[in-house]
Amino acid sequence: MTSKELLYIEDALGHEQYFITKCKETLTSVSDPKLKASIQDMATRHQQIFNSFLSLLG
């Protein structure tokens, strides 16, 4: 893998971690069950994407 590709993956990991954090933060302030479920689904999906990028490194 080139250094440019590694930088892209590092950047993508940072973005995905940010999305996961924001979803989890938002979950604490939402009371609507349907909205809460949607946000949880988004957090789960971003965690899967994060794990996919991470697997490229190992």
Could you state the interatomic distance from [atom1] ([X]) to [atom2] ([Y]), rounded to the nearest 0.5 Å?
{"X": "Ile20", "Y": "Glu25", "atom1": "CD1", "atom2": "CD", "result": "12.0 Å"}
{"X": "Gln40", "Y": "Thr44", "atom1": "CD", "atom2": "OG1", "result": "4.5 Å"}
{"X": "Leu6", "Y": "Lys4", "atom1": "CG", "atom2": "NZ", "result": "12.5 Å"}
{"X": "Ser29", "Y": "Ile39", "atom1": "OG", "atom2": "CD1", "result": "7.0 Å"}

By salt bridge (Lys or Arg N to Asp or Glu O under 4.0 Å) - contacts of Lys24 (at least two apart):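 Counting only residues at least two positions away or on another chain, Lys24 forms no salt bridge (Lys or Arg N to Asp or Glu O under 4.0 Å).
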Backbone of Ser31 reached by a side-chain donor or acceptor of Lys36 within 3.5 Å: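 Not at all, since once roles are kept as given, no pair shorter than 3.5 Å links the two residues.
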Glu16 side chain to Leu13 backbone, donor-acceptor under 3.5 Å: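 Pair absent, no side-chain N/O of Glu16 close to backbone of Leu13.
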Any pair counted as ring-ring contact (aromatic ring centres under 6.0 Å, His included), so long as it reaches residues 8-46, sequence neighbours left out: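 Sorted pair list: Phe19-His46.
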Identify all side-chain donor-acceptor contacts of residues 49-58 below 3.5 Å with residues at least two apart in sequence or on another chain.
{"from": "Asn51", "atom 1": "OD1", "to": "Gln47", "atom 2": "NE2", "distance (Å)": "3.1"}
{"from": "Asn51", "atom 1": "ND2", "to": "Gln47", "atom 2": "O", "distance (Å)": "3.3"}
{"from": "Ser52", "atom 1": "OG", "to": "Gln48", "atom 2": "O", "distance (Å)": "3.1"}
{"from": "Ser55", "atom 1": "OG", "to": "Ser52", "atom 2": "O", "distance (Å)": "2.7"}

Gln17, CD: over 12 other non-hydrogen atoms inside 6.0 angstrom: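 Yes.
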